[in-house]
Amino acid sequence: MPLIEDYALIGDCETGALVGRDGSIDWLCLPRFDSDSCFGRLLGNEENGYWKLCPVDRYASERRYRPDSLILETVFTTDHGRARLIDFMPPKSDLSKVVRIVEGLEGTVEMRSELTARFDYGISVPWVSRSEQGAISLVAGASMLLLGTEVPMHGASMKTVGSFSISDGQRVAFVLSHQISYEDPAAPADPIALLDQTERFWRDWSSRCEAAGPYSEPVLRSLITLKALTFAPSGGMVAAATTSLPEQIGGQRNWDYRFCWVRDATLTLLALMGGGYYDEARAWRDWLVRAVAGSPKQLQIMYTVTGERRLTEWEVPWLSGYENSKPVRIGNAAHTQLQLDVYGELMDALYQGRRGGLRENKRAWTIQCALLDHLKGIWTEPDEGIWEVRGGAKHFTYSKIMAWVAFDRAIKSAAEFGMDGPVETWEAQRAAIHDDVCRHGYDENRKTFVQVYGEPQLDASLLLIPAVGFLPPDDPRVISTINAIEHELFEDGFVRRYDTGATKDGLPPGEGMFLACSFWLADAYHLIGRDADAKELFERLLTLRNDVGLLSEEYDTKRRRLVGNFPQAFSHIALVNTAHNLTHREKPSEHRGSKKALPSKGKQATDATRR
């Protein structure tokens, strides 16, 4: 099985596929990120579906994305010649399509295509036949794939295979389309026209990116990745394109991340606005408002890309897991947890959107007031915390801090934007929470804020205390907490979320270094004036990106490889924000907890786009 970093992402802004260095598409869910997979080799074996397109003879490969795009190019070199494989998914207009174009570069290369589709997460074998238009049709129940190509294809050992020669200057194309099986097959698509359209789309989109000095390239690649992880019809952004890639090889920390987390709200918004993408920021903000609308008692920590609330978790017994990391999980039981921090994240995101000049969402403030009224009665309760532990509810310090943020942002919204509400009540709540956290969440003996009231363990989320404005960066308690995290959670040059051996989170101990938390330490360094340390850590983190600039959730320092779901939005969001902290005049880590408004360019950019 290839390493996680051996994969690259292609996508159509509604779903995504992972393509290996060997030209094999080993993961694809259609038609949405959270649909069942039709290529599931990533979490099993070849019998669970893949589509490999590579030379017959021994080869070496190198790859890149075309500049400013999500079009992947892999160059294969054999003893007889060189050929380029171009992989992409056109931004979806009607049907999801995977387009693969092979170009001859030098000499003659013998190529082979092997397609094994397995619907329903790798278990349902389709019926294969030819449609009236000549395309190969693969049908199982409501699902249908159509493969169009000039290459003669035939069945062999439950695969659809075909071989061909490609010489200098020649092109051979494959177009794989997905549609409902009971509808008439769609007309064939022109792969070269689709390539031109896709490249124009991405280059036009990328041209609007704000520069980030020496970090402009990794920032743009991260923003392209975030765009690719966005479900365009709704504006929701999935945490990753995959499920169940392990946080520890062979372990049980395997979760479905193909959903949208409220906890990512503010940092996502700041990354998009900082990159100049106000339309995407507004779409994300509007997705948040729609998703959380309803009874305040039913607020969830995550939703589907369109806002559905049922994310029932189940295990797939027929998939062996990535490198035998079991179980493979579909859905996510954490959606039923109480996590108080999401109230603060939601309130902060909507507040930052106003400061950034996003056009007001008419529903938002009424919903916010209702949520605050509910939070007033529950902030003293224990919860499962930002990391969704399964070891029982506790009084997590960061959760209380974000409850403080919720009331703080409401007070600021009233003062800065004339929003109407019971400000005196909110001020009393804010003061009570602040006093509670400082009394119970800070260990005077150890001189640090702690993960849980009355317990000694640390938590990397506490690095965000100055960024959210709970305490100023020069407060001795902030500096001593950063020092404690450096001493206890900083290992081999990176940061772990918490000590999984000391914290009873309901699972066996062990996981990789959490990349977003490592970026947060760089942000904390910046806030307390340790800019050289911030830059050094940030540039060390940049070296973890794979050859096409992608990051997963975590890094295994012992195996020296990426682990966790991939590509991970939270890691790329953190990368963008840290780069902006180091290069932009308007720095997210300083701006988030301050009273200074963003420049008016956000509103102007949005208005210009509407025109």
Side-chain angles (χ1 to χ4, degrees), residues 239-240 243-257 259 261-264 300-302 311 313-315 321-322 325-329 331-342 345 381-403 440-441 443 446 448-464 481 484-485 488-491 494-518 520-521 552-558 563-565 568 570-571:
T243 177
S244 299
L245 289 181
E247 297 171 16
Q248 181 184 42
I249 301 297
Q252 299 177 25
R253 296 173 186 265
N254 318 318
W255 314 110
D256 194 344
Y257 273 18
F259 307 114
W261 265 256
V262 176
R263 77 163 185 225
D264 300 355
Q300 295 185 183
I301 69 164
M302 69 179 86
L311 282 64
E313 183 178 305
W314 59 284
E315 297 178 3
Y322 179 84
S325 302
K326 295 181 179 180
V328 171
R329 293 183 173 94
N332 199 313
H335 78 281
T336 63
Q337 291 183 348
L338 172 65
Q339 293 180 25
L340 294 172
D341 64 288
V342 300
E345 281 292 347
E381 296 181 10
D383 73 332
E384 276 83 7
I386 183 176
W387 306 127
E388 300 160 12
V389 297
R390 300 191 177 195
K394 295 183 178 182
H395 292 283
F396 285 93
T397 300
Y398 181 74
S399 295
K400 309 297 188 188
I401 289 171
M402 292 307 292
H440 301 293
D443 188 326
R446 302 188 64 216
T448 180
F449 283 95
V450 291
Q451 182 183 48
V452 174
Y453 284 8
E455 298 186 14
Q457 294 90 350
L458 300 182
D459 193 304
S461 64
L462 302 171
L463 292 167
L464 296 172
T481 298
I485 289 172
E488 296 186 28
L489 298 182
F490 192 66
E491 183 180 330
F494 306 102
V495 180
R496 62 176 74 252
R497 293 185 297 177
Y498 55 89
D499 185 342
T500 58
T503 295
K504 295 180 180 178
D505 61 7
L507 293 163
E511 66 172 3
M513 299 297 174
F514 201 80
L515 297 183
C517 294
S518 300
W520 293 350
L521 179 58
S552 66
E553 182 183 26
E554 299 182 7
Y555 182 70
D556 186 328
T557 56
K558 301 296 188 295
V563 289
N565 283 303
Q568 178 77 8
F570 213 31
S571 298

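These values consider heavy atoms only, across backbone and side chains, with no hydrogens, waters or symmetry-generated copies.
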Problem - Near-ring test W520/F490, centroid separation under 6.0 angstrom - result: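 No, the ring centres sit 6.0 Å or more apart.
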Problem - Basic-acidic side-chain contact under 4.0 Å: E345, R263 - result: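 R263 and E345: not salt-bridged.
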Handout entry: Side-chain heavy atoms of N254 within contact of V328, under 4.5 Å
Key =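 SC-SC contact between N254 and V328 ruled out.
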Practice task
Answer whether the closest heavy-atom distance between the side chains of E455 and K394 falls below 4.5 Å.
Solution key: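 E455 vs K394: side chains touch.
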Problem - P456 side chain near R446 side chain, heavy-atom distance below 4.5 Å - result: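 A side-chain contact under 4.5 Å exists here.
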Exercise for the section: Would you indicate whether the side-chain heavy atoms of H440 and T397 approach each other to under 4.5 Å? Expected result: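 Result no, sub-4.5 Å side-chain heavy-atom pair not found.
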Exercise for the section: Give me the ring orientation class for H395 and Y453: parallel if the planes are under 30° apart, tilted from 30 to 60°, perpendicular past 60°. Expected result: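 The arrangement is parallel - the two ring planes meet at less than 30°.
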Practice task
Answer yes if the ring centres of F396 and W387 are under 6.0 angstrom apart, and no otherwise.
Solution key: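 When the ring centroids of F396 and W387 are compared, they turn out to be at least 6.0 Å apart.
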Handout entry: Pair E488 + R496: basic N to acidic O under 4.0 Å
Key =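 Looking at E488 and R496, the cut-off is not met.
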Exercise for the section: Taking the side chain as every heavy atom from C-beta outward, state whether V452 and Y498 have any atom pair closer than 4.5 Å. Expected result: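 Side chain of V452 against side chain of Y498, heavy atoms only: no contact under 4.5 Å found.
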Handout entry: Minimum side-chain heavy-atom gap W255-L245 below 4.5 Å
Key =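 W255 vs L245: side chains apart.
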Practice task
Please name all residues satisfying side chain to side chain contact (heavy atoms under 4.5 Å, CB included) with Q300, sequence neighbours left out, ordered by chain then number.
Solution key: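 Side chain to side chain contact (heavy atoms under 4.5 Å, CB included) list for Q300, sorted by chain: Y303, R309, H335.
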Handout entry: Carboxylate-amine/guanidinium proximity below 4.0 Å for E511 and R497
Key =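 R497 and E511: salt-bridged.
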Exercise for the section: Go through the steps to decide whether F449 and D459 satisfy the test side-chain contact (heavy atoms from CB on, under 4.5 Å), and finish with yes or no. Expected result: CA-CA 9 Å; F449 283 95; D459 193 304; over 6 Å; no
Exercise for the section: State the CD-CE distance between Q339 and M302, to the nearest 0.5 angstrom. Expected result: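 One gets 7.0 Å once the value is rounded to the nearest 0.5 Å.
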